[in-house]
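A quick write-up on the structure given underneath.
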Amino acid sequence: SAYERGWPVTIQKKVLHIGWGAARKALDSSFTGETSAIATRTSRNKHMTNDLLGEAGLPVPRSALVRDWPSLQKKVQDFGWPVVIKPTNLDQGVDVVPGIRDEIRLRQAFDKVITHKAGAALVETHIDGDDHRILVVNGRFLMAVRRISGGVHGDGSKTVMQLVDDVNADPRRGTSSRSLLMSIKLDDEALSCLKEQALTPESIPKTGRFIHLRRTANIATGGTGEDVTDKIHPDNRVLAERAARILGLDIAGVDFLCRDISRSWRDIGGGICEVNAQPGFRPHW
């Protein structure tokens with residue numbers, strides 16, 4: 001866009017500069033020269049973000065920070081099943097496990113998260129619904145996308161492994177951080193998802209059946225996106241704008257869970273599970 005306008009563009013130490021001198025603008029991915037360090041630090045602390053938004057009356061899941069197994073068991077007993085376990089300070093859906101309904105999976109998820117640098121895990125009540133990324137720039141809603149978890153559609157003749165190979169043959173998919181979409185791997189998480197669906201990599205799913213291979217819908221883990229910018233209800237749009245304003249972010253990616261983005265959260269429920277200070281734009285591309 002800058003080139004089309006005839007503006008000077010330079011890249012120095014991976015930082016993009018548009019313009020010259022005092023008037024230039026600096027961009028590091030979706031960080032800008034105006035992005036607040038305090039807002040960034042706050043939003044990257046998921047527990048703090050949840051507390052701030054909840055105190056302001058925005059819909060968020062109940063959450064708690066836990067550092068040991070007995071404390072986690074007590075919180076889950078208070079919250080009720082299902083719950084979500086996630087790290088407190090990582091992005092792109094890393095080690096996030098939603099929809100936990102038993103202590104076996106709870107213990108597995110907790111043991112993995114507790115090894116991270118923070119030494120704590122965030123437990124939240126699970127919110128049913130589709131995963132949406134809402135982009136807010138300079139306090140105003142810009143666009144929204146419904147994220148769909150990585151998986152394959154059965155055709156009645158091919159195995160899951162063959163279907164994954166077909167999906168990965170899409171030229172948009174790759175393994176680079178700059179790939180438009182990410183390749184899907186039949187790793188431990190995928191095998192676990194298959195087991196929950198009573199399938200193996202050699203199973204042949206029925207025509208039209210969607211086979212989930214990821215528990216989260218992040219593009220970075222193989223998910224895809226459906227643009228819903230023209231469908232989002234005004235209440236949901238204003239909710240995202242308010243979340244960005246409360247945190248003080250000039251560019252914010254608001255992760256919003258609800259069953260139908262075209263209906264108000266006031267009518268059907270839903271909630272904000274995270275707010276990203278440096279949101280990736282791949283879901284919208």
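Owing to the predicted nature of the structure, the values given are computational and were not obtained by experimental measurement.
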Discussion item. Using a 3.5 Å distance criterion without hydrogens, assess whether the side chain of Q162 forms a donor-acceptor pair with backbone atoms of T159.
Written reply: yes
Worksheet item: Salt bridge or not for E274 and K86, using N-O below 4.0 Å?
Response: yes
Item to complete: Treating Ile, Leu, Val, Met, Phe, Trp and Tyr as nodes and any side-chain heavy-atom pair under 4.5 angstrom as an edge, say whether V123 and W81 lie in one connected cluster.
Response: yes
Worksheet entry | Ion pair check, E196 and R215, cut-off under 4.0 Å | yes
Worksheet item: Between I100 and H126, is a side chain to side chain contact (heavy atoms under 4.5 Å, CB included) present by the stated rule, with each step listed?
Response: CA-CA 8 Å; I100 300 174; H126 179 90; over 6 Å; no
Practice prompt. Could you tell me the separation between the CG atom of L257 and the CG atom of D255, rounded to the nearest 0.5 Å?
Written response: 7.5 Å
Discussion item. So D155 and P205, do their side chains get closer than 4.5 Å, heavy atoms only?
Written reply: no
Item to complete: Measure from the side-chain N and O atoms of N218 to the backbone N and O of A220, and report whether any donor-acceptor pair falls under 3.5 Å.
Response: no
Practice prompt. Measure from the side-chain N and O atoms of S63 to the backbone N and O of N50, and report whether any donor-acceptor pair falls under 3.5 Å.
Written response: no
Item to complete: Determine whether L163 and I204 fall in the same hydrophobic cluster, where Ile, Leu, Val, Met, Phe, Trp and Tyr are linked whenever their side-chain heavy atoms lie under 4.5 Å apart.
Response: no
Worksheet item: Between V136 and R245, is a side chain to side chain contact (heavy atoms under 4.5 Å, CB included) present by the stated rule, with each step listed?
Response: CA-CA 9 Å; V136 178; R245 187 165 64 250; over 6 Å; no
Worksheet entry | Heavy-atom pair of closest approach, residues G119 and I114 | O-CD1, 3.3 Å
Item to complete: Show your working on side chain to side chain contact (heavy atoms under 4.5 Å, CB included) between V66 and F110 and close with a plain yes or no.
Response: CA-CA 9 Å; V66 293; F110 175 73; 4.1 Å; yes
Item to complete: Locate the shortest heavy-atom distance separating A240 from V254; write the atom from each residue and the value.
Response: O-CG2, 3.8 Å
Practice prompt. Before accepting this row, confirm whether a basic side-chain N of the pair D78/R62 lies closer than 4.0 Å to the acidic partner's carboxylate O.
Written response: yes
Item to complete: Consider only side-chain N and O atoms of S264 and D267, and report whether a donor and an acceptor are under 3.5 Å apart.
Response: no
Worksheet item: Are F31 and T40 close enough that some pair of their side-chain heavy atoms sits under 4.5 Å apart?
Response: yes
Practice prompt. Look only at the side chain of H212 and the backbone of G151, and say whether a donor-acceptor pair between them is shorter than 3.5 Å.
Written response: no
Item to complete: May I ask you to decide if I184's main-chain N or O and N168's side chain share a donor-acceptor pair within less than 3.5 Å?
Response: yes
Worksheet item: With side chains defined as the heavy atoms from C-beta onward, is the minimum distance between F210 and S149 less than 4.5 Å?
Response: yes
Worksheet item: When rounded to the nearest 0.5 angstrom, what is the spacing between NZ in K74 and CZ in F79?
Response: 12.0 Å
Worksheet item: Does one hydrophobic cluster hold both I246 and I272, with members joined at side-chain heavy-atom distances below 4.5 Å?
Response: yes
Fill in: Step-by-step side chain to side chain contact (heavy atoms under 4.5 Å, CB included) determination, L199 to R209
CA-CA 12 Å; L199 297 169; R209 180 183 178 184; 3.9 Å; yes
Fill in: Closest approach of P98 to V84 (non-hydrogen atoms, all atoms of both residues)
CA-CG2, 3.8 Å
Worksheet item: What are the two closest heavy atoms between I268 and R263, and how far apart are they?
Response: CG2-CZ, 3.2 Å
Worksheet entry | Gap between atom CD of E189 and atom CG of L194 - 0.5 Å precision | 11.0 Å
Practice prompt. May I ask whether L135 and V275 are part of the same hydrophobic cluster, defined by side-chain heavy atoms of I, L, V, M, F, W, Y residues being less than 4.5 angstrom apart, directly or through others?
Written response: no
Item to complete: Find the distance between CZ (R237) and CG (L142) and round it off to the nearest 0.5 Å.
Response: 12.0 Å
Discussion item. Would you say CD of Q77 has more than 12 non-hydrogen atoms from neighbouring residues, nucleotides or ligands within 6.0 angstrom?
Written reply: no
Worksheet item: Looking at W7, does the NZ or CZ of R5 lie under 6.0 angstrom from its six-membered ring centre and within 45 degrees of the ring axis?
Response: yes
Worksheet item: Is any NZ, NE, NH1 or NH2 atom of the basic residue among R214 and D187 found under 4.0 Å from an Asp or Glu carboxylate oxygen of the other?
Response: yes
Worksheet item: Mind checking whether I134 and V238 sit in one hydrophobic cluster, side chains of I, L, V, M, F, W, Y counted as touching below 4.5 Å?
Response: no
Worksheet item: Atom OG1 in T221, atom CZ in R147: separation rounded to 0.5 Å?
Response: 8.5 Å
Discussion item. Could you tell me if the side chain of I104 sits less than 4.5 Å from the side chain of L106, heavy atoms only?
Written reply: no
Item to complete: Could you check if a side-chain atom of D28 sits within less than 4.5 angstrom of a side-chain atom of K14, using non-hydrogen atoms only?
Response: no
Item to complete: Check whether the side chains of T35 and D250 place a donor and an acceptor atom closer than 3.5 Å, and report yes or no.
Response: yes
Practice prompt. Check for a donor-acceptor pair, side chain of R282 on one end and backbone N or O of S179 on the other, with a separation under 3.5 Å.
Written response: yes
Discussion item. Treating N236 as the side-chain partner and W265 as the backbone partner, does any N or O pair qualify as donor plus acceptor under 3.5 Å?
Written reply: yes
Discussion item. When you measure from the side chain of R173 to the backbone of G222, do you find a donor-acceptor pair of N or O atoms at a distance under 3.5 Å?
Written reply: yes
Discussion item. Testing the basics here: between I127 and G270, what is the closest heavy-atom pair and its distance to 0.1 Å?
Written reply: CG2-CA, 4.1 Å
Discussion item. Quick check for you: to the nearest 0.5 Å, what is the distance between K158 atom NZ and T207 atom OG1?
Written reply: 11.5 Å
Practice prompt. Over all heavy atoms of both residues, which pair between S30 and P279 is shortest? Give the atoms and the distance, please.
Written response: OG-O, 2.8 Å
Worksheet item: Between S71 (side chain) and R67 (backbone), is there a donor-acceptor pair under 3.5 Å?
Response: no
Worksheet item: When you check the side-chain N and O atoms of S43 and N276, is any donor under 3.5 Å from an acceptor?
Response: no
Practice prompt. Answer yes or no: is there a donor N or O on one side and an acceptor on the other, between the side chain of E241 and the main chain of R140, under 3.5 Å?
Written response: no
Worksheet item: Does one side chain, of S192 or R105, offer a donor that lies under 3.5 Å from an acceptor on the other?
Response: no
Fill in: H233-S262 side chain donor-acceptor pair, cut-off 3.5 Å
no
